[in-house]
Amino acid sequence: MMIEELSGIVGADRVSKEKASLEAYASDNSFTEGCAPSAIVSPVNAEQVVEIINLAAREKAGLVPSSSAPPRFRGDTVPEREDSVVVDLTGMDRIIKINRRNKVALIEPGVTFGRLAREVAKEGLKVLMPLLPREGKSVVGSYLEREPILIPKYHWDVTDPLLCAEVIFGTGDMFRTGSAAGPGDLEDQWASERYQKNPMGPGQSDLIRVVQGARGTVGLVTWASVRLEPLPSASRTFIVAADSFGELLGLVYSMLRRKLGEEFLVLNGTDLAAIVGGDREEIEELKGRLPPWSLIYRVAGFKYFPSDRVSYQVNDIGDLAGAEGLEPCRSLAGVSEEDIGGVLDGTSGEPYWKFGYLGGFADIFLIATLEMVPSFLELMEEEAKKAEYPSGNIGMYVQPIQQGRSCHVEFTLYYDEGDEGERQKVRGLCDSAIRRLMDSGGFFSRPFGPWCELPFDRCPDTAMLLGKIGKMLDPDGILNPGKIPYRVV
Amino acid sequence: MLDDAVYREFEEVVGPDNISREPAILDGYTYQIVFNPTPSPWLNRPAAVALPCSTEEVQGIVKVCNRHHVRFKAHSTGWGVFNAPGYEDMIILDLRRMNRILQIDENNMFALVEPYITCNQLQAEAMKKGLNCHIIGAGPNTSVLASCTSVGGVGWTGISMGYNCRNVLGVEWVLPTGEVVRLGSPGSGDGWFSGDGPGPSLRGIMRGLFGAMGGLGVFTRVAVKLFNWPGPKRIDARGLMFDIKAEVPENIKLYILLFPDMQRFLDATYDLGDAEIGWIHSRNPAGMLFTFLFPGLMRETAGRPAMRSAMESIKHMVSFGIAASSPGELAYQEKVVREVIARNDGVLIDMGKLPQFESFMLFGLMRSTLSAFVFRAGGNFASSLVGEETTDSGAPQVDLGVRIKQEYIDKGALIDDMADTVWGSIYENNLFAHYESLMTFDSRDPRQQEWIKVDEEVVDELIDRKWGIGIGLSGAGTVVHKKFGPHMCNYDKWQRRIKKALDPEGLSDPIGYTEPGD
Amino acid sequence: MALREYERDIRGCSRCSICKWVPFAQIKSVDCATVCPSISRYNFHSYSGGGRLILGLSLLEDRVELTEEVADIIYKCVMCGACEVSCKIYRDDIDVLRVIEELRFACVENGMMLPEHMMMVDAMKQEDNVFGEPKSARGDWAKDLGLKDINKEKADVLFHAGCRLSYDEGLRGVVRGAASILSDAGVDLGIAGADEACCGGRAFEVGYRGELEKYAEDFASRVKASGCSKLVTPCSDCYGAFKQLYPMVGKELGVEVLHVVEYVEMLMGQGRIRPTVKVPLKVTYHDPCHLGRRGEPYREWEGEDKLKRPSAFKMSGTRGVYDAPREILSRLPAVELVEMERIREYAWCCGAGGGVMEAYPEFNSWSANERVDEALATGAQAIVTACPWCERSFTDALEERDEDLEVLDLMELLARSLGSEPDA
Amino acid sequence: MSQVGLDIVVCVKQVPDPEGPSSSFTVDEENVRVVTSGIPPVVSPFDENALEAALRLKKAGGGRITLLSAGTKISNPVMLKALATGADNLVLVQDGSLDYSGTDSRSTAALLAAAIGRMDAYDLVLTGRQAADTNAGQVGVGIAGFLGIPAITFAGKIDIAGDKVVVERVLPDGYEVVEGPLPLLVTVSHEVGDLRYPHIAEIKRAKEIPVARWTAEELGVDVKGEKVTELVGISAPRISRRCELVEGDTQREAGENLARALRRDGVL
């Protein structure tokens with residue numbers, strides 16, 4: 001019904017009603033249940049986005065933003081209402097600016113990790129990556145989802161590496177956050193050496209913080225500036241093996257405290273095998289060979305005396321590890337330094353590394369303090385046992401965030417893609433595990449999938465306040481309805 | 001005046017000893033000279049002052065306010081005009097009885113504090129656990145919580161310990177309507193390690209670049225990031241200030257860096273940022289240091305050409321510090337800073353070679369004990385903030401601020417401090433920089449009551465040139481927003497809406513924030 | 001009102017509240033960070049140094065009247081001077097303590113005194129001591145010590161016991177010990193006995209400036225008549241009056257004024273006092289306000305603009321007596337000194353000063369208990385001080401709690417170490 | 001009357017402490033007033049003697065003592081202390097018009113008389129023989145005049161004998177005994193004895209004693225109209241010192257020169 005109007009805004013060739021395309025959005029690689037959208041619209045600039053939002057507001061239609069190439073996960077892009085229109089932002093893929101001196105890039109939402117990494121590398125810069133994003137994953141999309149980045153010392157605040165953004169709210173208002181707000185447009189700002197680097201404000205609110213984590217429910221981002229960091233001129237990668245996560249805890253804390261190392265993450269053997277292994281068999285084999293837990297980190301040097309920096313850090317970490325009875329290694333159980341480098345730097349192989357092991361997978365992720373992790377692992381194993389799911393198939397990834405104040409804990413339940421019974425078992429396991437993890441202090445800061453309402457039941461006052469803010473930014477409730485339960489007060 | 005019956009309701013919440021409407025007591029909350037643009041030190045005298053000691057009591061007061069339509073505002077340490085009541089007939093909540101450090105989480109590096117814990121107290125306790133906190137430039141006597149939730153503020157350790165607004169984890173917040181919200185993980189009873197979510201982060205409503213200055217309810221607890229402190233649990237010192245004698249730990253180094261010009265200062269700053277070294281970084285022009293530390297000498301000599309040219313030549317002065325966790329790190333950082341200085345034609349003075357001054361500088365920078373010297377020359381000060389973006393973007397703004405300020409110095413409206421008293425720091429290894437042009441004056445002197453005009457001129461010119469946004473004019477409030485809003489995506493409109501959503505009656509003193517509206 | 005003369009000081013207050021805190025470099029913990037008993041106990045800003053400045057401006061501008069309620073705020077202050085120390089680190093142009101004094105003068109001049117203080121001053125008028133005890137009994141403490149009577153014979157050193165030590169029988173050991181130590185060291189010591197009078201300091205602190213002037217004048221003529229070269233007192237309160245208050249009201253005694261700890265330290269340096277008996281005791285030392293920051297000699301500055309006042313004329317508290325008692329302690333065999341967190345210029349007050357002991361005993365006790373807590377935290381077995389008012393406060397505070405902490409005057413401890421502990 | 005006790009009114013004036021050091025008093029010639037500093041207000045000492053006399057009469061024969069004071073600003077603590085010695089009532093006539101320059105002895109007497117007249121009963125009115133600040137000694141007899149009752153001045157001792165008051169009246173070289181009928185006004189001299197000191201507890205209790213607050217207007221007294229004298233000038237005696245060395249070649253000559261100098265200056 002809105003097709004004509006949408007075509008009027010973006011041109012007929014940028015509106016799709018093609019059934020297959022629509023159906024592709026009706027579900028994703030999660031347990032989210034939804035429906036196909038009524039159309040897909042692909043704007044190319046912010047003005048068109050404004051018009052689309054205004055149109056949807058008039059028509060009370062839902063808009064589901066999407067900025068990455070498939071496959072999609074976590075249910076963010078699965079419409080809940082049949083009148084929804086998917087706003088496909090992959091076409092807005094300009095890298096508007098890269099500034100070496102200020103280590104920043106201004107990009108549209110369609111810009112992917114793979115592409116941006118290549119472009120900024122030419123300037124000696126690196127993109128702050130999550131763990132092996134798929135090649136077509138939107139950088140802006142990832143950051144808006146608060147996906148954790150691999151280098152915790154650069155994660156000063158939860159918004160990082162996202163800095164400023166241009167947002168179109170559900171009201172149709174265009175807004176620029178942080179120092180990008182003004183005065184002057186981008187050209188004026190660049191002319192006075194301003195590169196949209198201060199993420200705070202404008203004024204006495206930080207609306208970017210509300211946009212981030214909102215799963216597209218309060219506004220659509222049409223460009224954002226992102227924090228980049230220098231590419232190392234020298235680096236070495238290490239693995240520290242351990243039989244349990246707890247054994248690593250002391251070293252992890254002491255390294256984080258001193259900001260030692262660059263990329264820094266902990267994986268269990270299953271996940272590490274799934275990453276570095278090839279096919280199912282190879283992964284199974286590797287799983288048996290790899291240590292139960294690995295701390296993986298990189299030490300690097302930059303412009304000034306790079307090897308000095310590497311060597312003092314290697315020594316310091318060596319001392320810290322020694323005190324814990326641990327030993328950093330360059331390679332391990334056949335996993336080479338290059339293999340590890342691939343884990344830390346690249347994007348995932350196609351379609352996505354988690355499919356490689358058993359074809360299907362489900363993620364559970366939450367945040368907590370590092371010392372809470374062992375109890376979660378235990379709990380997860382208990383639940384797996386109850387569900388008769390092989391606990392050895394659980395991938396576990398612990399990513400320190402906010403410079404170590406907390407960590408992202410991600411469980412990946414690999415399962416046989418073709419086996420519906422297995423799929424349902426995993427779904428049941430997810431359900432019981434998520435509830436128990438919540439009860440045990442796991443904080444589900446990023447609601448996902450069919451469980452997206454649960455975290456809000458635990459904080460009714462926050463939910464009440466969110467309801468007021470949601471209403472303010474999207475009064476008609478047109479943006480990705482249902483993904484955040486804005487409870488009307 | 002408050003109705004007696006209403007007063008009694010307040011009294012029931014906090015007890016009779018913890019509330020007063022004695023005019024002499026109230027005047028203690030009426031007087032403010034810092035950032036007060038009027039010649040009178042008196043602002044509105046509130047109708048009552050209460051001293052709640054718990055979140056429940058704060059909530060109780062706010063609920064009485066809502067029942068009887070009484071405006072309220074809370075403050076922690078109460079320094080500066082934004083703590084003054086915007087209206088008469090309102091109640092001030094002095095939070096000084098909420099003065100506990102509730103938790104220092106050693107492993108996860110954060111502290112949970114109540115409003116009346118000062119930076120100094122937190123630092124002293126954190127150090128005992130090998131941790132440190134960022135202290136804003138306003139000084140060690142300011143509230144940790146206020147710098148995180150309610151006001152703005154930047155300090156000398158920003159290079160390594162960030163900006164307090166961004167260091168916030170969980171927050172406990174009594175909304176203007178009286179509900180208690182805990183932002184982030186504590187909202188679900190999961191500890192205080194995160195302030196964001198589930199879903200959108202309401203930290204963005206709680207505050208922005210500036211806090212709401214009392215205009216969005218009352219913050220009763222905040223968890224704030226702490227950072228590694230490789231020094232001893234306590235640095236014992238003899239003396240009070242200039243006479244301080246302390247043993248500066250071996251793994252701490254302090255330097256003064258001098259640059260021949262602005263460009264080389266900028267280049268070196270980028271280099272230091274990229275090299276990710278440093279614990280303290282602060283531009284402290286010589287004129288500023290001399291005016292604050294030796295005001296008498298400055299009064300006597302500022303007019304002498306020899307003095308002026310001597311100070312001009314060292315105006316691009318930076319205080320730089322290293323706090324290393326290992327000898328290897330110390331050696332590396334020292335090597336880098338020397339190389340950066342050499343490549344940028346700078347001069348490096350190793351304060352370790354001047355031990356008496358080193359002790360003074362250590363506390364001055366680590367603990368911001370130098371801040372209040374800003375009052376020494378004339379008794380009052382103000383600042384026109386000239387930048388909060390890239391380090392480079394500050395340079396022309398510094399020149400502009402200095403030029404405007406010089407006109408006022410020339411006519412005797414400001415104390416002669418060589419005009420360039422732009423201090424500033426870089427944050428998060430040079431993510432962005434803060435430049436702030438200080439002015440000192442004697443507000444008792446009828447000729448020296450024009451600082452606000454300097455502020456206005458700087459702001460106007462910055463907007464005209466589209467150079468950035470000085471956060472002058474005390475940084476907040478409807479007047480400021482009306483001026484800035486049209487040049488900054490009409491952000492003021494959103495603030496009015498936020499205010500309306502959270503505080504439809506406008507009971508949480510809107511003077512430093514904004515009135516509710518559409 | 002002479003408060004008017006301080007209007008510039010008052011209007012300089014930035015309300016930074018630094019007056020509430022221990023000087024920043026000396027803050028060592030969350031608990032011992034505050035330095036002002038008044039604001040710590042009563043919380044409203046008006047109870048702080050800066051708040052009192054603002055209160056002064058309210059009065060000057062007739063924004064408030066000097067009522068009993070206002071007088072109550074003014075008098076709930078121990079006048080320990082800690083606010084002044086913290087403020088003066090940064091400010092040359094604000095004399096907080098002088099304003100606090102002026103507020104009290106204003107109370108007295110306007111008839112807003114506290115009854116307890118009126119009684120004290122009446123007692124002084126009648127019996128020349130603050131307790132209203134019989135004048136004739138003032139010299140009883142010195143019975144059988146064989147000290148010279150300065151009224152009858154010349155002595156090189158006049159020993160002034162002060163009201164508290166003259167009459168507080170619980171502290172007999174202190175005063176007898178102090179006098180004996182000096183005379184045993186060969187000092188030519190004389191006392192005025194029943195003719196000794198109050199120094200007037202406590203009357204001054206509660207606002208009776210005129211009383212102090214009378215006592216100071218009288219005292220000066222007595223000292224002159226005695227022909228002594230030194231005036232020595234074991235009472236810090238009296239010491240502060242002689243060093244700071246007398247010069248402030250224009251009265252100079254014309255002799256060297258020493259606290260007994262200063263004198264003893266000097267004599268120890270000359271080898272005339274040699275403590276040899278081991279007293280195995282872990283002690284902490286409490287700096288009395290009137291020996292420390294309020295014992296700093298007063299220097300009048302005549303200039304107009306205090307921004308230009310040379311630092312030598314700035315009352316910053318740093319010229320008080322802090323080292324002498326510690327030096328003595330260091331010379332006592334087996335005595336170990338463990339310092340509290342708030343010491344020297346920024347010591348926490350025992351709570352007895354400023355007329356608080358007389359009018360607000362509960363506040364006095366609260367302040368003393370805070371200090372006792374701090375002393376206990378050091379692990380010391382004894383809290384040592386050099387002022388009978390402090391000693392009385394701590395002793396009384398400890399009476400009500402079950403703690404193992406001895407309260408001692410430094411002279412008592414010294415006497416032990418000399419093996420000559422006198423009976424009280 | 002003596003059976004049920006007398007109603008005694010004691011007039012007390014609040015003055016700056018006359019025992020303050022001389023430096024506390026400065027003469028402001030321009031504004032024709034004495035300025036005090038550093039000293040508190042007190043009850044004028046002779047008035048304290050009057051109160052002491054009243055207390056003794058009360059002790060001997062019962063009765064009620066009402067303190068009466070008039071002024072612009074009367075110190076509560078000062079009055080409390082006086083009340084605490086054993087008085088029963090306090091009447092304050094407080095009025096902005098009753099300042100230093102707005103009153104004289106006559107107008108004060110008229111005002112106090114009006115206040116006494118308004119009381120339910122009075123048998124004996126006591127005042128100090130003179131106030132410590134002005135030393136005029138006129139208000140007491142003035143009150144008697146306005147009330148139309150007899151007055152006895154300079155009492156050194158007061159006794160009640162039946163319905164008569166027996167007063168030992170102080171003379172420069174002794175005393176005379178005078179009797180008077182009730183109601184009567186007596187001005188009291190210090191020979192009566194010093195006022196007793198109350199305990200602090202008594203002062204605190206005295207806060208419960210009822211206080212009546214009246215104004216001149218309420219009493220129908222035109223203070224300005226009753227004022228008949230004007231203070232024209234006020235000055236402190238000038239004390240000057242001059243030093244002259246008297247010389248002479250011999251001691252005798254010097255002595256003669258000294259005598260001459262003293263005669264020249266009117267000393268001899």
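Proteins get letters first, then strands, A, B, ... in listed order; numbering begins at 1 in each.
- In this pair, B:Trp279 and B:Trp229 present their aromatic rings tilted. The plane angle is within the 30 to 60° band.
- In terms of non-hydrogen atom pairs under 4.5 Å with chain A, the most contact-rich of B:Gln333, B:Glu276, B:Arg497, B:Arg465 is B:Glu276.
- Ranked by heavy-atom pairs shorter than 4.5 Å toward chain B, the options A:Ala180, A:Pro202, A:Ser440 are led by A:Pro202.
- Counting heavy-atom pairs closer than 4.5 Å to chain B, the top residue among A:Arg257, A:Arg227, A:Arg258, A:Glu193 is A:Arg257.
- With values rounded to the nearest 0.5 angstrom, B:Thr177 atom OG1 is found 7.5 Å from B:Asp503 atom CG.
- Comparing A:Phe305, A:Tyr195, A:Trp156, A:Phe456 by how many heavy-atom pairs each has under 4.5 Å with chain B, the most go to A:Trp156.
- A:Phe448 does not touch chain B: none of its heavy atoms, backbone or side chain, sits under 4.5 Å away.
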Please report the C-alpha distance between A:Tyr154 and A:Asp160 in whole Å, then the side-chain angles of each, then the deciding distance to 0.1 Å, and finally whether the side chain to side chain donor-acceptor pair (under 3.5 Å) criterion is met. CA-CA 8 Å; A:Tyr154 292 139; A:Asp160 284 330; over 6 Å; no
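- In this structure, B:Tyr427 has no side-chain hydrogen bond (donor to acceptor under 3.5 Å, both in side chains) partners at least two apart in sequence or on a different chain.
- The stretch residues 174-183 of chain B participates, sequence neighbours left out, in these salt bridge (charged side-chain N to carboxylate O under 4.0 Å, His left out) pairs: B:Glu172-B:Arg182.
- Of residues 310-318 of chain A, those residues with a non-hydrogen atom less than 4.5 Å from any non-hydrogen atom of chain B are, in numerical order, A:Tyr312, A:Asp316.
- Between A:Lys97 and A:Glu187 there is no salt bridge, since none of the side-chain N atoms of the basic residue sits less than 4.0 Å from a carboxylate O of the acidic one.
- Interface summary for chain B: among A:Arg309, A:Gln212, A:Arg176, A:Lys303, the most heavy-atom pairs under 4.5 angstrom belong to A:Arg309.
- If you tally non-hydrogen atom pairs under 4.5 Å between each of A:Glu371, A:Gln189, A:Arg215 and chain B, the highest count goes to A:Glu371.
- Put simply, of B:Glu389, B:Met488, B:His487, the one with the most heavy-atom pairs under 4.5 Å next to chain A is B:Glu389.
- For a residue to count as touching a neighbouring chain, one of its non-hydrogen atoms must lie under 4.5 Å from one of that chain's; by this rule A:Met438 touches chain B with the backbone only.
- Put simply, the side chain of B:Asn167 never gets that close to the backbone of B:Lys225: no donor and acceptor are under 3.5 Å apart.
- The local environment of NZ in A:Lys471 is sparse, with at most 12 non-hydrogen atoms from other residues, nucleotides or ligands closer than 6.0 Å.
- Looking only at heavy-atom pairs under 4.5 Å with chain B, the residue among A:Gly213, A:Gly250, A:Pro455, A:Pro447 that has the most is A:Gly213.
- Heavy atoms closer than 4.5 Å to chain B are found in the side chain of A:Ile484, but not in its backbone.
- Remark: the backbone N or O of B:Gly512 is paired with a side-chain donor or acceptor of A:Gln204 at under 3.5 angstrom.
- Contacts of B:Lys129 classified as salt bridge (Lys or Arg N to Asp or Glu O under 4.0 Å), with partners at least two apart in sequence or in another chain: none.
- We find the CE-OG distance between A:Met255 and B:Ser325 to be 12.5 Å, quoted to the nearest 0.5 Å.
- Looking at A:Pro199, the atoms closer than 4.5 Å to chain B (heavy atoms on both sides) all sit in the side chain, from C-beta outward.
- With salt bridges taken as basic N to acidic carboxylate O contacts below 4.0 Å, none links A:Arg146 and B:Asp196.
- Here B:Cys489 is the residue among B:Gly197, B:Gly328, B:Pro230, B:Cys489 with the most heavy-atom pairs under 4.5 Å with chain A.
- A:Arg194 has no carboxylate O lying under 4.0 Å from a charged side-chain N of A:Asp188, or vice versa, which leaves the two without a salt bridge.
- Of the listed residues (B:Gly189, B:Pro186, B:Gly184), the greatest number of heavy-atom pairs within a distance under 4.5 Å of chain A belongs to B:Gly184.
- Residue A:Thr177: no heavy atom, backbone or side chain, is found under 4.5 Å from chain B.
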